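Read through the structure below, which is laid out as structure tokens, and then see the notes.
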Amino acid sequence: ISWRPTYRSSKFRNVYGKAGNREQCFDGIPITRNVHDNHFCAVNAKFLAIVTETAGGGSFLVIPVNKAGRIDPHQPKVCGHQGGVLDIKWNPFIDNIIASCSEDCSVRIWEIPEGGLRRNMSEAVLELYGHSRRVGLIEWHPTCSGILFSAGYDFKILIWNLEVGSPVKMIDCHSDVVLCMSFNTDGSLLATSCKDKHLRVIEPRSGKVLQEADCKSHRVNRVVFLGNMKRLVTTGVSRWNTRQVALWDQEDLSMPIIEEEIDGLSGLLFPFYDADTHMLYLAGKGDGNIRYYEVGTEKPYLQYLMEFRSPAPQKGLGVMPKHGLDVAACEVFRFYKLVTLRGLIEPISMIVPRRSETYQEDIYPMTAGTEPALTADEWLSGMDREPVLMSLKAGYKRPCQKAFKAPVRERKTMVMNGLLESIPPKTENELMRMFFRQQDELKRLREELVQKDVRLQQLELELNNLRNNTNCGR
């Protein structure tokens with residue numbers, strides 16, 4: 001029976017998304033209303049950074065990732081830019097360093113103090129000027145901590161050596177605004193998507209374009225390298241304005257390997273790739289759902305797994321690095337979803353259901369760690385190295401056995417010595433009724449007190465009379 005689909009075994013076919021509860025969300029955040037197609041959010045194992053809506057200039061919040069809940073309206077901000085902040089990215093090797101770019105044509109490097117901000121920060125560690133128009137995109141090099149890439153509306157990509165604080169290379173091969181940048185695993189290749197509808201693979205140190213595709217039938221918006229698979233994934237729009245995902249061979253961009261239509265919605269599709277599990281996540285701007293696929297080297301190259309659904313639309317998504325995940329809960333990916341209408345940042349965990357409480361080595365292979373493989377000078381001189389790998393087993397903590405908890409019983413109204421004790425009132429009418437009951441109770445107690453005072457005086461007089469009579473009899 002040839003039409004019957006073949007069963008395909010996969011350890012990730014039952015992965016499910018779990019939204020954080022109210023206590024795990026960050027509430028009361030004035031998320032920016034800027035319509036620039038970016039995430040406006042960056043997260044690492046220590047901090048969560050969100051671009052905020054401010055009058056004049058640009059600013060972003062930095063909150064310790066373990067301090068969820070309602071955020072103080074006067075929470076200190078990073079507010080040194082003279083224009084709106086368009087992109088923020090944490091240094092992958094130093095948790096306290098974050099880069100930001102802005103409409104004021106600058107790129108700035110900030111050092112966040114341990115424990116978070118205690119006052120507004122306006123002094124940057126480095127201010128980088130080199131673009132003639134606003135800067136819309138920044139990316140850190142994946143293996144070298146001192147190299148930063150920035151793309152501006154002047155159609156240029158600048159490579160900054162932060163150890164000297166100046167640009168060391170300009171990539172000037174684009175004829176329009178660069179929409180997206182992505183590196184391969186060792187950072188030797190840079191893929192870009194551009195508003196001129198071209199997809200390019202570039203050797204970043206020389207600026208040479210190695211491969212170029214003219215995407216007329218598939219207008220590319222976002223591009224991601226698929227680890228060491230020598231493949232690229234792009235999301236874009238077809239001729240009929242349907243959203244698409246396409247897979248490419250990085251050494252031959254003449255034709256995509258496959259093109260798949262997703263739906264007819266208009267929001268930009270953001271792709272996220274996990275090289276450890278070979279899973280691809282697609283999240284649409286303005287959508288409430290996140291689709292996820294398993295990427296293979298043979299047909300079908302994209303195997304649809306499942307979809308996380310939510311009624312709240314997302315403006316952007318931050319992604320937690322691997323070393324910040326909850327390994328004991330079998331969490332393989334974590335998003336931080338920006339819900340603008342509610343001023344809410346909601347964590348969404350992707351979990352592989354497992355019964356065993358031991359460390360799951362098959363879903364947590366060695367992953368890119370927090371140590372840089374190269375210095376800036378080594379990379380600029382032509383050296384390439386794979387990332388320094390780390391095991392996540394050191395961060396594994398066995399789930400503690402649940403302690404016995406007595407069931408919480410509903411509090412009932414009790415009368416003790418005539419004093420009414422009850423649960424707190426929930427409505428104004430209940431409050432008024434309780435107030436008048438307490439006034440009546442106070443009045444009754446005052447009357448009792450007066451009567452007891454009178455009785456006490458009578459007893460004192462009787463006692464004095466009794467003592468006088470006794471003395472007279474003697």
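Sequential numbering from 1 along the given sequence is applied to the chain's residues. Computed from a prediction, not measured in an experiment: that's the story for all the values here.
With no hydrogens or angles considered, no side-chain donor-acceptor pair links H81 and S59 at under 3.5 Å. If you check the side chains of T367 and D276, you find a donor sitting under 3.5 Å from an acceptor. Judged purely by distance below 3.5 Å, without hydrogens or angles, the side chains of W379 and T143 never pair a donor atom with an acceptor atom. A side-chain donor-acceptor contact under 3.5 Å links E203 and S206. For the 3.5 Å distance criterion, the side chains of S106 and D104 qualify, holding a donor opposite an acceptor. Side-chain contact check for S381 and D377: no donor-acceptor pair (N or O, by modelled atom type) lies under 3.5 Å. Between N14 and R354, the side chains place no donor N or O within less than 3.5 Å of an acceptor N or O (distance only, hydrogens not considered). A donor-acceptor contact closer than 3.5 angstrom links the side chains of E331 and S349. In the model, K337 has a side-chain atom that pairs as donor or acceptor with a side-chain atom of S310 under 3.5 Å.
Considering only heavy atoms from C-beta on, K169 stays 4.5 Å or farther from L158 through its side chain. By the 4.5 Å heavy-atom criterion applied to side chains, I345 and I50 are counted as neighbours. V245 is listed as a side-chain neighbour of L302, based on a closest heavy-atom distance under 4.5 Å. Under the 4.5 Å side-chain criterion, counting only non-hydrogen atoms from C-beta, V43 is in contact with V65. Between C330 and I363 there is a side-chain heavy-atom pair separated by less than 4.5 Å. Contact annotation: the side chain of V352 never approaches that of Q360 to less than 4.5 Å [non-hydrogen atoms, C-beta and beyond]. Using a 4.5 Å heavy-atom threshold, the side chains of L269 and N221 count as separate. For the pair R134/D154, no side-chain contact is recorded, criterion being any heavy-atom separation below 4.5 Å from C-beta on.
Taking CD1 of I71 as the start and CD1 of I29 as the end, the distance is 5.0 Å to the nearest 0.5 Å. A distance of 5.0 Å separates CD1 in I202 from CD1 in I157, rounded to the nearest 0.5 Å. Taking OG1 of T52 as the reference point, atom CG of L61 lies at 5.0 Å (rounded to 0.5 Å). The line from CE of M320 to CG of L48 is 8.0 Å long, rounded to the nearest 0.5 Å.
The distance between the ring centers of H39 and F272 falls below 6.0 angstrom.
Pairing each heavy atom of R33 with each of E53, the nearest pair is N-OE1, 2.8 Å. Between V15 and Y292, the shortest heavy-atom distance links the atoms O-OH, 2.7 Å. Of all heavy-atom pairs between C101 and V135, the closest is SG-O, 3.3 Å.
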query = Stepwise, does the side-chain contact (heavy atoms from CB on, under 4.5 Å) test hold for W248 with Q211?
reply = CA-CA 11 Å; W248 307 76; Q211 291 287 329; over 6 Å; no

ask   = Under the side chain to side chain donor-acceptor pair (under 3.5 Å) criterion, do S166 and W160 qualify, and how do the steps go?
value = CA-CA 6 Å; S166 63; W160 301 89; over 6 Å; no

Stepwise side-chain contact (heavy atoms from CB on, under 4.5 Å) check, Y359 with L392 = CA-CA 9 Å; Y359 178 70; L392 298 180; 3.6 Å; yes

task = Determine, step by step, whether F335 and Y281 satisfy the ring pair (Phe, Tyr, Trp, His ring centres under 6.0 Å) criterion, reporting the C-alpha distance in whole Å, the side-chain angles of both residues, the deciding distance to 0.1 Å, and the verdict.
result = CA-CA 10 Å; F335 294 101; Y281 301 87; 5.5 Å; yes

key: CA sep, side-chain torsions, deciding dist, call: Y16, F308, ring pair (Phe, Tyr, Trp, His ring centres under 6.0 Å)   = CA-CA 7 Å; Y16 66 94; F308 168 79; 9.8 Å; no

task = Show your working on salt bridge (charged side-chain N to carboxylate O under 4.0 Å, His left out) between R205 and D384 and close with a plain yes or no.
result = CA-CA 11 Å; R205 280 174 293 234; D384 289 316; 2.8 Å; yes

message = Evaluate L199 against V223 for side-chain contact (heavy atoms from CB on, under 4.5 Å), listing each step before the verdict.
response = CA-CA 8 Å; L199 174 65; V223 58; 3.7 Å; yes

task = Kindly indicate, with the supporting measurements, whether the criterion side-chain contact (heavy atoms from CB on, under 4.5 Å) is fulfilled by L162 and L126.
result = CA-CA 8 Å; L162 303 184; L126 273 176; 4.2 Å; yes

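Put simply, the side chain of Y293 never gets that close to the backbone of Y301: no donor and acceptor are under 3.5 Å apart. Side-chain atoms of R133 come within 3.5 Å of backbone N or O of Y153 as a donor-acceptor pair. Looking only at distances, no side-chain donor or acceptor of D186 sits under 3.5 Å from a matching main-chain atom of R385. With Q82 contributing its side chain and G80 its backbone, the two residues share a donor-acceptor pair below 3.5 Å. Side chain of N161 to backbone of V168: no donor-acceptor contact under 3.5 angstrom is found. The closest donor-acceptor contact from the side chain of N184 to the backbone of S188 lies under 3.5 Å. Remark: side-chain polar atoms of S102 are paired, donor with acceptor, to backbone N or O of G84 under 3.5 angstrom. A donor-acceptor pair is defined here as one N or O able to donate and one able to accept, closer than 3.5 Å; such a pair exists between the side chain of K315 and the backbone of N34. Under the 3.5 Å distance criterion, the side-chain polar atoms of N38 are left unmatched by any main-chain donor or acceptor of F40.
Partners of D196 according to the side-chain contact (heavy atoms from CB on, under 4.5 Å) rule, which considers only residues two or more places apart in sequence or in another chain, are S175, D176, C194, H198, R200. Evaluation of the side-chain contact (heavy atoms from CB on, under 4.5 Å) rule for D287 yields R243, L265, N289, Q314 as partners, not counting sequence neighbours.
The environment of K195 atom NZ is sparse: at most 12 non-hydrogen atoms of other residues, nucleotides or ligands sit within 6.0 angstrom.
Checked for salt-bridge contact, D326 and R334 miss the test: no charged N lies under 4.0 Å from a carboxylate O. Between E294 and R13, no side-chain nitrogen of the basic residue sits less than 4.0 Å from a carboxylate oxygen of the acidic one, so the salt-bridge criterion is not met. Remark: R22 engages D27 in a salt bridge, criterion side-chain N to carboxylate O under 4.0 Å. Using a cutoff of 4.0 Å between basic side-chain nitrogens and carboxylate oxygens, K285 and D37 are scored as salt-bridged.
Considering W110, W90, Y336 as possible partners of F47, the one that fulfils the ring pair (Phe, Tyr, Trp, His ring centres under 6.0 Å) test is W90.
Note on residues 174-196: pairs passing ring-ring contact (aromatic ring centres under 6.0 Å, His included), not counting sequence neighbours, are H141-F183, F149-F183.
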